[in-house]
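Have a look at the structure below, then the notes.
Note that the numbering runs from 1 along the sequence shown for the chain.
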Amino acid sequence: MQRLNTALAWFAGLLLATLLGSIIQTQFNLAMIQGLGAPVDALMRLESTAHDLLNFAPTYGVLVAAAFLIALPVSGLIARWWPEARIALHTLAGAAGISVALVVMNQLLPATLIGASRFSTGILALALAGALGGLLFAWLSPRPDWRG
């Protein structure tokens, strides 16, 4: 039962980080368009956000899943020896996982696929979404019993 609860907590964190990341990405893209002089009204922001939640979020979710599949077990192992820092560790792991995934992706691919990750502020904003996903995972996941 503990594994199922951990998996559900992981999925909830993944979903939160993915949805927030998609919204952030959309707003960064619209800000870049607006910076070029194009008008961007509230309706366009809402429609674009909904469109990206349906079309971009699933793809971005793969990146978040890969990051969380590495980062959260690592933070879980560290929390094994530092249990009082468990929530902070998972929160930091969510942020670090997203940051590392974005930087590695930007270095390996010939083009930046996620517009917000062209800027340090965008990576920071997406990492914050990852941190919130890690925090949700920490809150929802059962505290492991490490007593042998």
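- Ring pair Phe28/Phe119 is parallel by interplanar angle, where below 30° counts as parallel and above 60° as perpendicular.
- By the criterion of side-chain heavy atoms lying less than 4.5 angstrom apart, applied directly or through intervening Ile, Leu, Val, Met, Phe, Trp or Tyr residues, Trp139 is not grouped with Leu14; the two fall into different hydrophobic clusters.
- By the 4.5 Å heavy-atom criterion applied to side chains, Val103 and Ile123 are counted as neighbours.
- Counting all heavy atoms, side chain and backbone alike, Ser75 lies closest to Leu89 at CB-O, 3.5 Å.
- Within the 4.5 Å cutoff, side-chain heavy atoms of Ile98 are placed close to those of Phe68.
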Sequence neighbours left out, cut at 3.5 Å: what donor-acceptor pairs do the side chains of residues 124-137 make with other protein atoms?
none

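- For the atom pair OG1 (Thr91) and CZ (Arg86), the distance works out to 9.5 Å, reported to the nearest 0.5 Å.
- For the atom pair Asn29 CG and Ile24 CD1, the distance stands at 12.0 Å (nearest 0.5 Å).
- If you take CG on Leu16 and CZ on Phe11, they are separated by 11.5 Å, rounding to the nearest 0.5 Å.
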N/O donor to acceptor pairs below 3.5 angstrom from side-chain atoms of residues 52-66, sequence neighbours left out:
residue	atom	partner	partner atom	Å
Asp52	OD2	Thr26	OG1	2.6
Asn55	ND2	His51	O	2.8
Asn55	ND2	His51	NE2	3.3

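- Listed here is the closest heavy atom pair of Arg143 and Gln2: O-NE2, 4.0 Å.
- In this structure, Leu46 is not a member of the same hydrophobic cluster as Val40, with clusters built from ILVMFWY side-chain heavy atoms closer than 4.5 Å.
- Side-chain contact check for Ser22 versus Leu19: every heavy-atom pair is 4.5 Å or farther apart.
- Taken from CG in Leu8 to CZ in Arg3, the straight-line distance is 14.0 Å, to the nearest 0.5 Å.
- Rounding to the nearest 0.5 Å gives a distance of 12.5 Å between OG of Ser48 and CD1 of Ile23.
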Could you pull out all donor-acceptor pairs under 3.5 Å where a side-chain atom in residues 104-116 meets a protein atom, sequence neighbours excluded?
residue	atom	partner	partner atom	Å
Asn106	OD1	Ser117	OG	3.3
Asn106	ND2	Leu102	O	3.4
Asn106	ND2	Ser117	O	3.1
Asn106	ND2	Ser117	OG	3.1

